[in-house]
Amino acid sequence: MSKKLMLGNEAAARGLYEAGCEFVSSYPGTPSTEITEFAAKYDDIYAEWAPNEKVAMEAAFGASFAGRRSFCGMKHVGLNVAADPLFTISYTGVNAGMIIGVADDPGMHSSQNEQDSRHYAIAAKLPMLEPSDSTESKEFVKIAYELSEKFDTAVMLKMCTRVAHCQSIVELEDRAEVTHKEYVKNPSKYIMTPANAIKKHPLVEKRLDDLREWAETSGINRLEDGSDNEYGFITSSTSYQYVKEVFEDKYPVLKIGMINPLPDNTIKEFAGKVKNVVVVEELDGIIETHLSTLGIKAIGKDKFTNLGEFSQTVVANAFDIEKEVPFNIKEELPARPPALCAGCPHRGLFYVLHKKKLTVHGDIGCYTLGAMPPLNALDSTVCMGESVSGVHGYNKSAPEYAKNTVAVIGDSTFMHSGVTGLINIAYNESNSTVIILDNSITGMTGHQQNPTTGINLKGEPAGKVCLEDLCKSIGINRVVVVDPYDLSECEKAITEEIEAFEPSVIISRRPCALLKNVKHPGPIKCDTDKCVGCQACMKIGCPAINMVDGKCKIDETLCLGCGVCGQMCKFDALPLRKEAE
């Protein structure tokens with residue numbers, strides 16, 4: 001038996017392999033993405049990127065229905081998209097084991113909100129396991145499949161940013177030989193008409209009781225003794241790690257591994273042995289609220305915030321402890337806001353939108369960074385696909401704004417949930433212009449393929465959606481393709497399409513500047529003799545452009561030679577773009 005240092009996500013993927021999982025379908029979303037990417041490295045597992053999380057969950061359910069162990073992965077906001085099948089799968093139960101992986105993002109490192117996925121487990125009445133390190137990430141996956149098949153339920157596995165992306169030692173084991181479950185026709189189990197569903201609800205409630213009883217003795221929730229009973233900590237996930245690092249073995253700890261359903265008897269017994277119960281949990285007070293229903297008063301959100309990530313320092317400060325914490329940076333660091341990369345194909349188009357003073361409905365992806373100064377190109381960003389649906393409602397309700405308004409959405413996001421909004425625009429004849437920012441990849445989550453790239457998760461040729469044909473097929477007659485590196489072409493197309501009194505689509509097409517297969521002409525140089533220091537080139541916010549001694553200075557380590565800045569300069573100090581050789 002060998003050991004390996006693994007990310008939590010990598011360990012979860014290893015758990016899928018060792019548990020005999022055969023089918024994985026996910027949509028990339030930080031911090032969950034790597035589970036599926038690592039799972040794809042195992043030849044025994046079929047792995048795919050689905051267009052969105054709802055499709056991924058339904059596909060995973062289909063594999064379970066066929067008798068194969070399955071998994072679908074997503075980030076917390078992706079679970080919103082998959083909520084429809086989530087609640088009904090709770091009623092149907094499963095055939096072979098099925099795991100729903102969800103990764104929360106406390107601190108919003110790469111997310112638009114800070115929701116707590118434990119609410120979904122409670123609302124859907126599904127068991128949820130919550131690992132606290134890489135070892136548990138692997139082992140909990142294997143336990144989840146056993147639970148899934150024993151209790152006829154999908155099982156949720158809740159990761160978070162720190163568990164997903166921190167490393168610890170994992171023991172590697174062989175892949176289990178899992179017998180396929182035979183599919184047997186069973187309409188009353190799987191066909192959720194009201195007459196069948198109403199009979200399933202009592203079974204779901206009994207299942208929770210059975211799971212709670214299992215959790216009392218299974219060892220999934222661990223009691224650790226301490227030398228001082230003044231406080232007893234109930235905690236889970238990374239909060240458990242922080243409690244142990246601050247207090248070591250001084251106080252007793254009830255480490256929760258199954259966050260839903262919670263073990264009532266174990267909690268009561270633990271609370272009876274300590275003077276003060278302390279609940280340490282990130283985001284919402286799920287455990288603390290449950291304790292109150294048991295009549296247990298606990299120290300919780302009165303000491304610990306429901307905002308952001310915790311740390312050793314947060315736990316120590318709550319108890320006024322002066323403790324030397326590793327990697328604790330006390331100095332205030334300068335802000336380093338993210339920015340569009342040098343050579344990003346979105347930059348030129350966003351400059352034109354800003355120049356024309358348009359109201360821009362934005363969407364989820366790296367192009368959201370177009371909201372940052374000096375571009376200041378976006379007016380809203382809500383969720384995947386909202387820009388397209390939102391611009392329709394905006395223009396339908398206030399048609400006088402239509403000629404000053406567009407929506408922008410990336411190619412992957414468009415396939416995820418933008419296309420349905422565009423169908424709505426075509427069907428209801430909205431005078432709206434949608435700009436699809438086609439950079440030939442799913443950018444912000446780390447260059448995953450999508451249905452428009454023609455390549456699957458394994459890097460093999462796959463079916464490819466033609467955006468132009470798709471838009472025309474749903475009733476959009478005006479479809480134009482532009483090069484975002486060409487500012488005049490972009491401005492001409494935008495001007496014409498917002499003036500046209502009918503639905504239209506502009507496809508802004510240039511591959512992501514960071515793709516390895518994209519060739520660039522190389523860095524340009526500023527002619528300082530011609531540069532007058534007008535700073536017009538600075539208006540596009542390119543990180544490769546600086547002003548030194550009143551003159552433009554190009555950072556040759558960053559510049560790719562896109563030539564957008566050259567189109568800004570009226571004094572020919574910056575060369576125009578040349579094609580890569």
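Keep in mind that what you see is a predicted model, and the values were worked out from it rather than measured. Just so you know, residue 1 is the first one in the sequence shown, and it goes up from there.
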Can you tell me which residue among Ile423, Val505, Val434 is in a side chain to side chain contact (heavy atoms under 4.5 Å, CB included) with Ile476?
Val505
Can you confirm whether the side chains of Asn428 and Ser430 place a donor and an acceptor under 3.5 Å from each other?
no
Closest non-hydrogen atom pair, Gln241 against Asp133
NE2-CB, 3.7 Å
Atom of Asp105, atom of Ser110 and distance for their closest heavy-atom approach:
OD2-N, 2.9 Å
Can you tell if the side chain of Val352 reaches within under 4.5 Å of the side chain of Ile494, non-hydrogen atoms only?
yes
Looking at every non-hydrogen atom in both residues, tell me the closest pair between Glu48 and Ala59 and how far apart they are.
OE2-CB, 4.1 Å
Which pair of non-hydrogen atoms, one from Tyr401 and one from Thr405, has the smallest distance, and what is that distance?
O-OG1, 2.7 Å
When rounded to the nearest 0.5 Å, the distance separating CE of Met57 from CE of Met74 is 4.0 Å
Side-chain touch Gln112/Val382, heavy atoms, less than 4.5 angstrom
no
In this structure, which one of Ser412, Ser26, Pro28 forms a side chain to side chain contact (heavy atoms under 4.5 Å, CB included) with Gln448?
Pro28
Salt bridge (Lys or Arg N to Asp or Glu O under 4.0 Å) partners for Glu309, two or more places apart
Arg162
Provide the closest heavy-atom pair for Cys366 versus Met444 in the form atom of the first, atom of the second, distance.
CA-CE, 3.3 Å
Check the orientation of Phe350 and His346. Use parallel for under 30°, tilted for 30 to 60°, and perpendicular for over 60°.
tilted
Is a donor from one side chain sitting under 3.5 angstrom from an acceptor on the other, for Ser432 and Tyr394?
no
For Val419 and Leu470, run side chain to side chain contact (heavy atoms under 4.5 Å, CB included): C-alpha distance rounded to whole Å, both residues' side-chain angles, the deciding distance at 0.1 Å, then the answer.
CA-CA 9 Å; Val419 63; Leu470 175 60; 4.1 Å; yes
Can you find a pair of side-chain heavy atoms, one from Lys539 and one from Met568, that are under 4.5 Å apart?
yes
Do His76 and Asp116 meet the criterion of a side-chain donor-acceptor pair at a distance under 3.5 Å?
no
Ser488 and Asp486: side-chain donor and acceptor closer than 3.5 Å?
yes
Nearest 0.5 Å please: distance from the OH atom of Tyr27 over to the CG atom of Asn52.
8.5 Å
Would Glu499 and Lys403 pass as an ion pair if we require N to O under 4.0 Å?
yes
Whether the Asp379 and Thr359 side chains hold a donor-acceptor pair (N or O, under 3.5 Å, no angle test) is what I'd like checked.
no
How long is the span from the CD1 atom in Ile540 to the CG atom in Leu340, to the nearest 0.5 Å?
10.5 Å
List the steps and the verdict of side chain to side chain contact (heavy atoms under 4.5 Å, CB included) for Glu282 and Thr238.
CA-CA 9 Å; Glu282 287 182 333; Thr238 50; 3.7 Å; yes
Presence of salt bridge, Glu496 and Lys492, under 4.0 angstrom:
yes
Rounded to the nearest 0.5 Å, how far apart are CG of Asp363 and OG of Ser417?
6.5 Å
Flag side-chain contact, heavy atom, 4.5 Å: Asn80 against Tyr120:
yes
pair Met538-Pro374: side-chain heavy atoms closer than 4.5 Å:
no
Examine the side chains of Ser387 and His361 and answer whether a donor and an acceptor come within less than 3.5 Å of each other.
no
Pair Glu281-Ser239, side chain to side chain donor-acceptor pair (under 3.5 Å): steps then yes or no:
CA-CA 6 Å; Glu281 55 184 328; Ser239 297; over 6 Å; no
Give a yes or no on whether the backbone of Asn456 and the side-chain of Gln449 come within a donor-acceptor separation of less than 3.5 Å.
no
Is any NZ, NE, NH1 or NH2 atom of the basic residue among Glu58 and Lys54 found under 4.0 Å from an Asp or Glu carboxylate oxygen of the other?
yes
Are Arg69 and Glu22 within salt-bridge range, i.e. N to O under 4.0 Å?
no
Go through the side-chain N and O atoms of Ser111 and Lys75 and say whether any donor and acceptor fall under 3.5 Å apart.
yes
To the nearest 0.5 Å, what is the distance between NZ on Lys158 and CD1 on Ile100?
15.0 Å
Can you tell me if Ser440 and Thr453 form a side-chain donor-acceptor pair at under 3.5 Å?
no
If you compare all heavy atoms of Leu437 against all heavy atoms of Leu349, which two are closest, and at what distance to 0.1 Å?
CD2-CD2, 3.8 Å
Check step by step if salt bridge (Lys or Arg N to Asp or Glu O under 4.0 Å) holds for Glu429 and Lys396.
CA-CA 9 Å; Glu429 299 179 320; Lys396 269 292 186 181; over 6 Å; no
Nearest 0.5 angstrom please: Ile364 CD1 to Thr445 OG1, how far?
12.0 Å
Between the side chains of Thr235 and Tyr242, is a donor N or O closer than 3.5 angstrom to an acceptor N or O?
no
Taking the side chain as every heavy atom from C-beta outward, state whether Asn431 and Ser504 have any pair of such atoms under 4.5 Å apart.
no
What I want to find out is whether Asp483 reaches Arg510 closely enough, with some N-O distance under 4.0 Å, to be called a salt bridge.
yes
